[in-house]
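Input: a single structure, listed below in structure tokens.
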Amino acid sequence: MSIDNVISTAVASAVKALYGLDVDPATIVPQATRKEFEGNLTIMVFPWVKAARKAPEAVGAEIGQWLVDNEPAVAAFNTVKGFLNIVITPTYWNSVLRSIEETEGYGTVAPAADSPLVMVEYSSPNTNKPLHLGHLRNILLGSSLSNILAACGNRVVKTNIVNDRGIHICKSMLAWKKYFDGATPESTGKKGDHLVGDCYVAFDQHFKAEVKELMAKGMTEDEAKAASPLMAEAREMLRLWEEGDSEVRALWEKMNQWVYDGFDVSYRRMGVGFDKIYYESKTYLDGKAKVLEGLEKGLLYKKEDGSVWADLTAEGLDHKLLLRSDGTSVYMTQDIGTAKQRFDDYAIDRMIYVVGNEQNYHFQVLSILLDRLGFKWGKDLVHFSYGMVELPEGKMKSREGTVVDADDLMADMVATAKEVADQAGKLDGLSDEEKAEIAEIVGLGALKYFLLKVDPRKNMTFNPRESIDFNGNTGPFIQYTYARIRSVLRRAAAEGLDKGDYSAVEPNEKEITLIQRLSDFPSLVAEAGRSCSPALIANYVYDLVKEYNQFYHDCSILREEDAAVRSLRLALSDAVAKTIRTGMGLLGIRVPERM
């Protein structure tokens, strides 16, 4: 039992004994005592003042004295108004540390067969371009959130919806036919997603040139775009695709496979994956069917041009298009079909969509429509809405080819990590193979940590050079501390310095602070799951590392002559290292054993 639970249970017993009140210990939440006051944990006594018919200070004093008399973990107390500050018996912290050491998978809860099933959707790429920096934040948030939810005892299904149909796909296909002379990933030496992305950019360049030429002949910009022969060809290709034209479908399958192969390489390097992948081309028809069913039931309406709409004015919104006049579907239709397929495939208790905040309206509408169309889980879907990520120089645009490619960024981060680590002497004495492995771990760790440490709901600016710093709130700073601890533990083992009995040692203030911070980890993981915030994990690990480095600076470990004290410090170092590894693992970040 954690120290928080020990105190919560003891306070509940005190309140029952003193005032006859039955209080659920889960409602009593100890907080770390503020540094200006003596104590380790603080409890608010205001909820019991009325029943006690005494001033808050008197209630705090009575509960505090009961704890001193009846709970071995409590050594002393003091009250400040309605706050009871509790001093934990110094040697009791040793049993807390021992419990942390002995708990397999400390901080996490293994899912059971009947645990809630949570599906998390993330990535959701289009097959007309490679993954970019914006995708990276989405993918890393979704993957990390999945890890955290699993660590909270949920069964988790990681899923991806690939947007593999539509006019944007046809633009890339048409450009390949017209301008790329049969180029393939093999003939060009390019990853398939990059080659298709080049086609998408080429279409936009030729389209703009065409519009410019038409405007020079007297058309307005809107008229020129509407009259563009190139765009007309793309629309015709989409029509042929919808009709199942064999030639168009064959080209579509070939180019999409190039993209999927490229995506797989990127996903593997990121260290992420999926349990189930859905494709828009296979879900949109289900969506159309549900929309038409809703139309028949009078839940939706049709305009004179044949388009189908939802009237959402009763919910304070507007009217939403679901099927165009030519019968083709929109993203909302596809999402309805995908949701149906997912709930047909899995008995989902909770559905979480990891999608940027520019889609807040979309998911508000989706929830309403799913509920209206008879899906009982519609109103309970969760949109994990996150902020946009930009570079210091501003926003990115896919069609103009100004995005930061995910593959290029990962390669640059690894190269920069090697350069910075070499300059700092972190790789001295290592083989070339070891240097390359550590550069991969540190470079990708820096990228992931920088994107995950920020509150996901906030917009952020990614600065590659800043993220790779070995000081401050960065992935490399945490990774280096972990490697330092592992080095200390290896040296201790080599010198035969085992972790012996330290139960009688009275920990000093810095040791107690570290143990208390370690004891917070399980509740922190649980809160990160409840609030869908990997940033809580990231910043907890950073704070833990800062505390450890201060302890490491002030307290001798291997040179400590008192064997029991040395054992305590080795056990504490080992527990910190394991917690760092677990915490960073929840973020999808590896930690190096040497550095």
Side-chain angles (χ1 to χ4, degrees), residues 125-130 132 134 163-181 196-243 245 248 251-252 255 280 284 288 291 301-313 317-335 356-362 365 388 390-391 393-404 459:
N126 296 330
T127 56
N128 65 319
K129 57 191 175 186
H132 56 64
N163 299 302
D164 64 340
R165 59 172 290 278
I167 190 68
H168 51 295
I169 311 297
C170 291
K171 290 176 181 178
S172 293
M173 292 163 58
L174 182 60
W176 182 83
K177 286 186 67 175
K178 295 175 77 71
Y179 313 124
F180 281 76
D181 195 27
V196 174
D198 289 347
C199 296
Y200 184 62
V201 172
F203 178 94
D204 189 64
Q205 290 171 341
H206 284 84
F207 173 64
K208 284 182 176 176
E210 202 171 70
V211 168
K212 186 176 181 180
E213 185 178 331
L214 291 171
M215 290 175 67
K217 295 178 179 178
M219 289 188 182
T220 66
E221 184 176 357
D222 287 343
E223 289 172 340
K225 287 180 177 179
S228 162
L230 189 61
M231 186 62 77
E233 284 188 78
R235 285 194 290 266
E236 174 62 12
M237 182 174 277
L238 177 60
R239 188 188 66 79
L240 291 171
W241 184 94
E242 293 265 2
E243 292 180 355
D245 180 88
V248 171
L251 176 59
W252 171 75
M255 293 183 68
E280 183 186 351
Y284 82 104
K288 288 178 70 172
V291 168
Y301 71 94
K302 182 183 288 188
K303 288 190 175 181
E304 290 182 2
D305 64 358
S307 58
V308 179
W309 295 72
D311 181 355
L312 304 176
T313 53
L317 301 175
D318 51 10
H319 295 253
K320 178 63 181 176
L321 173 68
L322 297 178
L323 288 176
R324 299 185 184 93
S325 58
D326 60 2
T328 56
S329 62
V330 296
Y331 275 120
M332 187 65 69
T333 319
Q334 166 244 298
D335 275 346
N357 57 18
E358 80 278 11
Q359 293 294 324
N360 286 351
Y361 170 80
H362 177 91
V365 171
M388 295 296 98
E390 300 175 1
L391 290 171
E393 50 269 28
K395 294 183 178 181
M396 304 171 289
K397 296 181 180 178
S398 298
R399 69 186 62 184
E400 295 178 9
T402 60
V403 299
V404 176
N459 292 342

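- Side-chain atoms of H319 and L312, non-hydrogen and from C-beta on, never get closer than 4.5 Å to each other.
- A pairwise comparison of heavy atoms in W309 and K303 identifies NE1-CD, 3.3 Å as the closest pair.
- Remark: K178 pairs with E233 by the side-chain hydrogen bond (donor to acceptor under 3.5 Å, both in side chains) rule, at least two apart or across chains.
- Remark: K302 pairs with L295, V308 by the side chain to side chain contact (heavy atoms under 4.5 Å, CB included) rule, at least two apart or across chains.
- Looking at heavy atoms from C-beta onward, L214 lies out of side-chain contact with E223 at the 4.5 angstrom threshold.
- Taken from CD1 in I167 to NZ in K171, the straight-line distance is 6.5 Å, to the nearest 0.5 Å.
- At distances below 3.5 Å, at least one donor-acceptor pair connects side-chain atoms of T333 with backbone N or O atoms of L322.
- A donor-acceptor contact closer than 3.5 angstrom is absent between the side chains of D222 and T220.
- Taking K212 as the reference, nothing meets the salt bridge (Lys or Arg N to Asp or Glu O under 4.0 Å) condition, with sequence neighbours excluded.
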Next item on the list: Report the C-alpha distance between K129 and H168 in whole Å, list the side-chain angles of each, state the deciding distance to 0.1 Å, and finish with yes or no for side-chain contact (heavy atoms from CB on, under 4.5 Å).
Entry: CA-CA 10 Å; K129 57 191 175 186; H168 51 295; over 6 Å; no

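- For R324 (side chain) and S329 (main-chain N/O), a donor-acceptor pair under 3.5 Å exists by modelled atom type.
- Here the side chain of K288 pairs a donor or acceptor atom with the backbone of G327 at under 3.5 angstrom.
- Looking at W252, its side chain does come within 3.5 Å of a backbone N or O of D164 through a donor-acceptor pair.
- Applying the ring-ring contact (aromatic ring centres under 6.0 Å, His included) test to residues at least two apart or on different chains, the pairs with a partner in residues 204-234 are Y179-H206.
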Next item on the list: Let me see the working for Y361 and D318 under side-chain contact (heavy atoms from CB on, under 4.5 Å), right down to the final yes or no.
Entry: CA-CA 11 Å; Y361 170 80; D318 51 10; 2.5 Å; yes

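- With sequence neighbours excluded, the residues that form a salt bridge (Lys or Arg N to Asp or Glu O under 4.0 Å) with R239 are E236, E243.
- Within the 4.5 Å cutoff, the side chain of L317 has heavy atoms near those of the V365 side chain.
- The closest donor-acceptor contact from the side chain of N459 to the backbone of M388 lies under 3.5 Å.
- Without hydrogens or angle criteria, N360 side chain to N357 main chain gives a donor-acceptor distance under 3.5 Å.
- Of all the heavy atoms in N163 and Y331, the pair that sits closest is OD1-CE2, 3.7 Å.
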Next item on the list: With side-chain contact (heavy atoms from CB on, under 4.5 Å) as the test, would you mind laying out the steps for Y200 and I169 before giving the verdict?
Entry: CA-CA 8 Å; Y200 184 62; I169 311 297; over 6 Å; no

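- Going from atom CE of M173 over to atom CG of N128 covers 11.5 Å, rounded to the nearest 0.5 Å.
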Next item on the list: Let me see the working for F203 and M231 under side-chain contact (heavy atoms from CB on, under 4.5 Å), right down to the final yes or no.
Entry: CA-CA 9 Å; F203 178 94; M231 186 62 77; 4.1 Å; yes

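- Nearest heavy-atom pair across F180 and A175 is CD1-O, 3.4 Å.
- Residues Y284 and D335 bring no donor and acceptor atom of their side chains to less than 3.5 Å of each other.
- Considering every non-hydrogen atom in both C170 and A234, the closest pair reads CB-O, 3.8 Å.
- Looking only at distances, a side-chain donor or acceptor of E210 sits under 3.5 Å from a matching main-chain atom of L230.
- S172 OG to M237 CE: the interatomic distance, rounded to the nearest 0.5 Å, is 10.5 Å.
- One N or O on the side chain of D305 and one on the backbone of S307 form a donor-acceptor pair closer than 3.5 Å.
- Rounding to the nearest 0.5 Å places CG of L251 at 11.5 Å from CG of L240.
- With sequence neighbours excluded, no residue satisfies ring pair (Phe, Tyr, Trp, His ring centres under 6.0 Å) with H362.
- Note that CG of L174 and CG of L238 are 12.0 Å apart. Values are rounded to the nearest 0.5 Å.
- A pairwise comparison of heavy atoms in E280 and Q334 identifies CG-CG, 3.1 Å as the closest pair.
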